[in-house]
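Comments concern the structure below.
Nothing here was measured: the structure is a model prediction, and the numbers come from that model.
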Amino acid sequence: MALFSQKEDISWQDLLIRSAIVIGTVVIILWCMPRDSRNYLYAEIGKPWKYGDLTAPFDFPVYKSELKVKQERDSIYRLFEPYFSIDLSVENSQVRKFLEQYDNGMPNLPDDYISIIANRLHRLYQQGIISAPDYSQLAYKDTARTIRIVNGKRATSIALKAFYSTKSAYENLINDPMMAPHRVALQRCNLNNFIVPNIIYDKEKSETELEELRRSVPLANGVVQKGQKIIDRGAIVDEAKYLAIESFRKEYERRGRDETQLKLTLFGETIYVSLIVIFFTLYLSLFRKDYFEKLRSIAMPYTLIIIFTLLTALMVRNTFAHVFMLPYAMLAIFIRIFMDSRTAFITHLVMVLLCASMLQHTFDFVIVEATAGMVAIFSLRELQYRSQLFKTALLVTISSMLMHFAYDLMTVSDIERIDMSNYNYLVINGILLLFAYPLLYLLEKTFGFVTDITLIELNNTNNPLLQRMSELTPGTFQHSIQVGNLAAEIAKKIGAKSQLVRTGAMYHDIGKMTNPVYFTENQSSINPHDGMSQIDSARIIISHVTEGLKLAEKFNLPTVIREFISTHHGQGKTKYFYVNYKNEHPDDPVDDLLFTYPGPNPFTREQAILMMADSVEAASRSLPDYTEQNIRDLVNRIIDGLLADGFFRDCPITFRDISYAKTVLIEKLKTIYHARVSYPELKQKE
């Protein structure tokens, strides 16, 4: 029977916060989920088809590859004849311009050169002149190509080499044999100013013709009928199958853009995600109330689920990576370390189911990642050494590969068709899993959790605060070590967190460093309480709790350790001074608050264990004789008194746990205070 009823009614504000977390999780996951098939049907030529059998659900054309279409279009482009038109007015205007400029003759040239040059210009324009850039571009692609000259309604194909460019026309004019004797004088006349294109590129007509030719190239090459098998699972993807798969993907995407289909898909995804997240929330609220009531405890699993679903969506949208590379077991490790095994498995399963909905190969993903999560949980009960995480990563990798191999054997017809690339991804997964160690520190700081590694570091006696405690309050320091040993043994016996309670015990009395001589274990001969009133003595004794909390805050101790400081006396009384005061003032009313610790009472099993160990260890020092019966009576009296005073009413500890705690304390105290053999004295000879 449990002795607790810790749960208080959750306020409306807390309920709204938790509702916002749940709704936010659903919305973010729905937002990141891909709603097309572009990467669901990812295939590589020469690799096995890793999904299930693919059958055409509708008729669709088999599209040619982009390279094939480009090659066919390039072959057509090479045969394409661009259109040019003749501008007859160019010759007249340029010859007239030449004659007008040199009406009075050309410098250093005979008068008959004017008519000769005009005649040569006429010949050049009759032959045809194309602009140098257009001519160079056409000649670069193919020197033997032809162009179409439009003259009225007729278009004639003429070889490109039959025309001049503006540059070659000028060179032809200057190099004319009749011009050779006066070439230098002619070059000074800038005759190139009178050579301009009269064969003009018709951009509109050319581009129209080119577009018609481009459209004439068929994009498809055959049709796949509805019900026809496209590819079997495990079959090697050749070029023909690859084109069929890609064609199906394109056609599926085109059809999938239908608004009605998109709405139905979104509605189905909303139901799917909402149900899974709601069931997970119900699990926490019904079976893990201690987590559900703490915002940090409920925030961490939802945050991790969101992060892994976002990473999965990113992987699905990018074909360069594979989802098996993601270390999904890392989530199970985090939840196992900070919470418990059952919650770790449920959270991991929820995450896997949500991520699987984004994938085509759902079943093998679920079984592989579920196996990885279970192995991670089983192999990592407590993370105290780095080697434990390495062992977990190795076991997760091996078990994942074995499970994937088993699935491959069940689904492929030939062992040679197994896609070995998936096993490479699983090895990368195992390597990435090692990054869980540094990420633990980030999660600790973000959500306020404490790992066993941190507890071990805090438990180190070289810690500055513990060193100071050993110097200022050596008696209290020894008491804390003894309490830690007793409490840790109880925790191991009843399945509580032994490292946590041991560390809590080391710090529970640090407040005594403020006034060390006022506590019995640190006194030598003088007791300062002898000259003080009972109220003042009680105030100083009680202050070690508040002073301890101040020191804990100053040294930035985790909240879970501070809770041990505040709860190790609960709301109990300093009975020694309280009883003395009542005896001294039998007729006066007593203000109980002056003799009462601020509390609260223990609300975890570990805090209850510490209270029992602390009370028994302190009381055991006053026993006159350490016989087994005395120790047994002391333990029973102290713990039964704590139980009767209601200190354990608000924590999840059972009568069975308390019974085990008594047994451990009795056995350990018997060992600590065992009777020693008296050594005989050597008799001297007379």
Side-chain angles (χ1 to χ4, degrees), residues 465-466 468-484 486 504-552 554 564-602 610-626 630 633-635 637-639 641-642 645 647 669 672-673:
L465 186 55
L466 293 182
R468 180 180 169 188
M469 182 181 177
S470 66
E471 294 169 0
L472 295 178
T473 56
T476 301
F477 182 72
Q478 292 301 321
H479 162 70
S480 298
I481 293 175
Q482 200 75 279
V483 171
L486 293 172
M506 290 300 298
Y507 290 90
H508 78 286
D509 273 344
I510 57 173
K512 292 181 179 180
M513 287 191 290
T514 305
N515 297 296
V517 297
Y518 286 89
F519 299 90
T520 307
E521 66 268 23
N522 300 313
Q523 295 171 358
S524 55
S525 57
I526 301 174
N527 187 347
H529 290 289
D530 292 342
M532 297 174 60
S533 68
Q534 305 298 330
I535 292 177
D536 289 339
S537 293
R539 177 178 54 79
I540 292 176
I541 297 299
I542 291 171
S543 70
H544 86 275
V545 172
T546 54
E547 292 298 327
L549 292 173
K550 291 177 183 178
L551 280 173
K554 179 181 178 181
F564 282 104
I565 298 173
S566 61
T567 60
H568 74 279
H569 285 297
Q571 293 178 327
K573 292 183 175 63
T574 54
K575 289 189 176 180
Y576 179 85
F577 301 106
Y578 177 71
V579 172
N580 283 342
Y581 183 85
K582 290 192 71 173
N583 290 337
E584 292 174 2
H585 306 83
D587 299 326
D588 296 340
V590 180
D591 185 357
D592 289 357
L593 292 178
L594 296 175
F595 299 92
T596 304
Y597 288 97
N601 288 329
L610 178 62
M611 175 179 277
M612 289 187 286
D614 180 44
S615 301
V616 169
E617 202 283 333
S620 67
R621 295 173 180 266
S622 62
L623 281 175
D625 187 18
Y626 294 103
N630 286 347
D633 291 342
L634 173 72
V635 171
R637 185 178 73 254
I638 295 295
I639 294 181
L642 294 174
D645 290 339
F647 286 107
L669 289 178
I672 293 170
Y673 298 116

- request: Ignoring hydrogens and angles, tell me if any N or O in the side chain of Asn527 forms a donor-acceptor pair with the backbone of His529 under 3.5 Å.
  value: yes
- prompt: Would you call the rings of Tyr597 and His569 parallel, tilted or perpendicular if under 30° counts as parallel and over 60° as perpendicular?
  reply: parallel
- request: Show the numbers, then the answer: is there a side-chain contact (heavy atoms from CB on, under 4.5 Å) between Ser615 and Leu642?
  value: CA-CA 9 Å; Ser615 301; Leu642 294 174; 4.0 Å; yes
message: Using a strict threshold of under 4.0 Å (side-chain N to carboxylate O), is an ion pair present between Arg468 and Glu471?
response: no
message: Between Asn515 and His544, is there a side-chain donor-acceptor contact under 3.5 Å, judged purely by atom types and distance?
response: no
query: Where do Leu594 and Tyr581 land on the side-chain contact (heavy atoms from CB on, under 4.5 Å) test, with the steps shown first?
result: CA-CA 11 Å; Leu594 296 175; Tyr581 183 85; over 6 Å; no
Steps toward side-chain contact (heavy atoms from CB on, under 4.5 Å) verdict (Met532, Ile540): CA-CA 11 Å; Met532 297 174 60; Ile540 292 176; 3.3 Å; yes
- request: Give a yes or no on whether the backbone of Thr476 and the side-chain of His479 come within a donor-acceptor separation of less than 3.5 Å.
  value: no
Electrostatic pair Arg621-Glu521, nearest N-O below 4.0 angstrom: no
message: Looking at Lys582, is its backbone amide N or carbonyl O close enough to the side chain of His585 to form a donor-acceptor pair, meaning the two atoms are under 3.5 Å apart?
response: no
task: May I have the step-by-step check of side-chain contact (heavy atoms from CB on, under 4.5 Å) for Asp592 and Tyr578, ending in yes or no?
output: CA-CA 8 Å; Asp592 289 357; Tyr578 177 71; 3.2 Å; yes
task: Give a yes or no on whether the backbone of Tyr626 and the side-chain of Asn630 come within a donor-acceptor separation of less than 3.5 Å.
output: no
